[in-house]
Amino acid sequence: MSNVRVDTKKNRIYITIGRIADEKEMAAIVKKIQMECALLKPGFTCLTDLRDYEIQDDVFEKYIKRAQEILVAAGMYKVVRVRRKMGTLAHFQFDNASYEVGYHADSVIDLDEAERLLDSEAAKRDGK
């Protein structure tokens, strides 16, 4: 299951990526990210939930990189990825692409921790 939504009050995009069926589904996720970014102001934060993501064939990496390029171009300030506590290292597929795009994401294993980190960063950015 995948989902992309924004919280305009927090100026945050939430991206949940689970098992991906095919390239068509991945392309649709990228398009949804682009559409949702238009609802946010530059300086937004991003929480990416990869707990159910399974590593994909290399062909999917171009979509991951494209989504990250869209986020950066739209003005993303900070991203935190939520990964599984144990098991697959699928989040490395996202890490590799983000290094190419030019940013680093923190990695945590708990949604609440991700929210706290992003809220803290947003408060620092806003001088609160």
Side-chain angles (χ1 to χ4, degrees):
M1 180 187 106
S2 298
N3 185 40
V4 179
R5 67 179 179 84
V6 297
D7 180 332
T8 55
K9 287 184 182 177
K10 285 191 171 190
N11 200 31
R12 182 168 300 152
I13 188 167
Y14 293 86
I15 303 169
T16 301
I17 302 179
R19 201 169 230 341
I20 306 296
D22 53 28
E23 279 189 76
K24 183 178 178 181
E25 181 181 358
M26 192 66 177
I29 293 167
V30 173
K31 185 173 184 172
K32 179 75 169 166
I33 289 169
Q34 187 169 28
M35 289 173 20
E36 294 296 309
C37 280
L39 302 174
L40 298 168
K41 295 178 276 194
F44 67 90
T45 57
C46 175
L47 190 155
T48 305
D49 183 351
L50 299 175
R51 291 175 298 165
D52 293 328
Y53 178 74
E54 297 287 340
I55 197 159
Q56 299 293 319
D57 190 35
D58 290 348
V59 73
F60 286 84
E61 289 181 14
K62 68 182 176 186
Y63 296 100
I64 294 168
K65 186 176 178 185
R66 179 64 187 134
Q68 293 174 344
E69 289 169 342
I70 290 166
L71 291 163
V72 168
M76 182 178 68
Y77 172 72
K78 177 78 174 169
V79 61
V80 174
R81 293 191 187 111
V82 182
R83 60 175 175 78
R84 288 183 195 170
K85 186 174 184 177
M86 303 287 285
T88 182
L89 301 176
H91 64 281
F92 285 129
Q93 204 166 25
F94 283 78
D95 292 342
N96 291 338
S98 63
Y99 288 127
E100 286 182 34
V101 172
Y103 73 89
H104 168 75
D106 290 332
S107 180
V108 299
I109 57 171
D110 179 78
L111 283 173
D112 291 333
E113 183 180 2
E115 287 280 356
R116 281 191 303 274
L117 279 171
L118 290 172
D119 289 346
S120 172
E121 282 296 321
K124 279 192 256 183
R125 180 199 62 222
D126 297 338
K128 294 180 183 175

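Cluster annotation: Phe44 and Ile29 are assigned to the same hydrophobic cluster (Ile/Leu/Val/Met/Phe/Trp/Tyr, side-chain heavy-atom contacts under 4.5 Å, transitive). Val80 is not connected to Tyr53 by any chain of hydrophobic side-chain contacts under 4.5 Å among Ile, Leu, Val, Met, Phe, Trp and Tyr, and they are in different clusters. By the criterion of side-chain heavy atoms lying less than 4.5 angstrom apart, applied directly or through intervening Ile, Leu, Val, Met, Phe, Trp or Tyr residues, Met76 is grouped together with Ile17 in one hydrophobic cluster. Grouping the Ile, Leu, Val, Met, Phe, Trp and Tyr side chains by contacts below 4.5 angstrom, directly or via other members, places Met35 apart from Ile13. There is no path of hydrophobic side-chain contacts, each under 4.5 Å, that joins Tyr77 to Val6.
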Taking it one step at a time, do Lys62 and Lys65 satisfy side-chain contact (heavy atoms from CB on, under 4.5 Å)? CA-CA 5 Å; Lys62 68 182 176 186; Lys65 186 176 178 185; 5.7 Å; no
* Derivation and outcome, side-chain contact (heavy atoms from CB on, under 4.5 Å), residues Glu115 and Tyr14 -> CA-CA 10 Å; Glu115 287 280 356; Tyr14 293 86; 2.7 Å; yes
Is there a salt bridge (Lys or Arg N to Asp or Glu O under 4.0 Å) between Lys32 and Glu36? Walk through the geometry before answering. CA-CA 6 Å; Lys32 179 75 169 166; Glu36 294 296 309; 3.1 Å; yes
Stepwise side-chain contact (heavy atoms from CB on, under 4.5 Å) check, Leu111 with Arg51 = CA-CA 10 Å; Leu111 283 173; Arg51 291 175 298 165; 3.2 Å; yes
Show, in sequence, the C-alpha distance, side-chain angles and deciding distance for Glu113 and Arg116, and conclude whether the salt bridge (Lys or Arg N to Asp or Glu O under 4.0 Å) test is met. CA-CA 5 Å; Glu113 183 180 2; Arg116 281 191 303 274; 5.3 Å; no
task: Please assess Leu71 against Ile15 for the test side-chain contact (heavy atoms from CB on, under 4.5 Å), listing each intermediate value before the final yes or no.
output: CA-CA 11 Å; Leu71 291 163; Ile15 303 169; 4.1 Å; yes
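A heavy-atom distance below 4.5 Å is not found between the side chains of Glu69 and Val72.
In this structure, Asn3 contributes its side chain and Arg5 its backbone to no donor-acceptor pair below 3.5 Å.
Of all heavy-atom pairs spanning Cys37 and Ala74, the tightest one is CB-CB, 3.8 Å. Minimum heavy-atom separation, Val108 to Ala114: CG2-CB, 3.8 Å.
Of the options Thr16, Thr48, Leu47, a side-chain contact (heavy atoms from CB on, under 4.5 Å) to Val82 is made by Leu47 and by none of the others.
For the residue pair Thr45/Arg12, the side-chain donor-acceptor check at 3.5 Å is satisfied.
Going from atom CD1 of Ile20 over to atom CG of Asp52 covers 10.5 Å, rounded to the nearest 0.5 Å.
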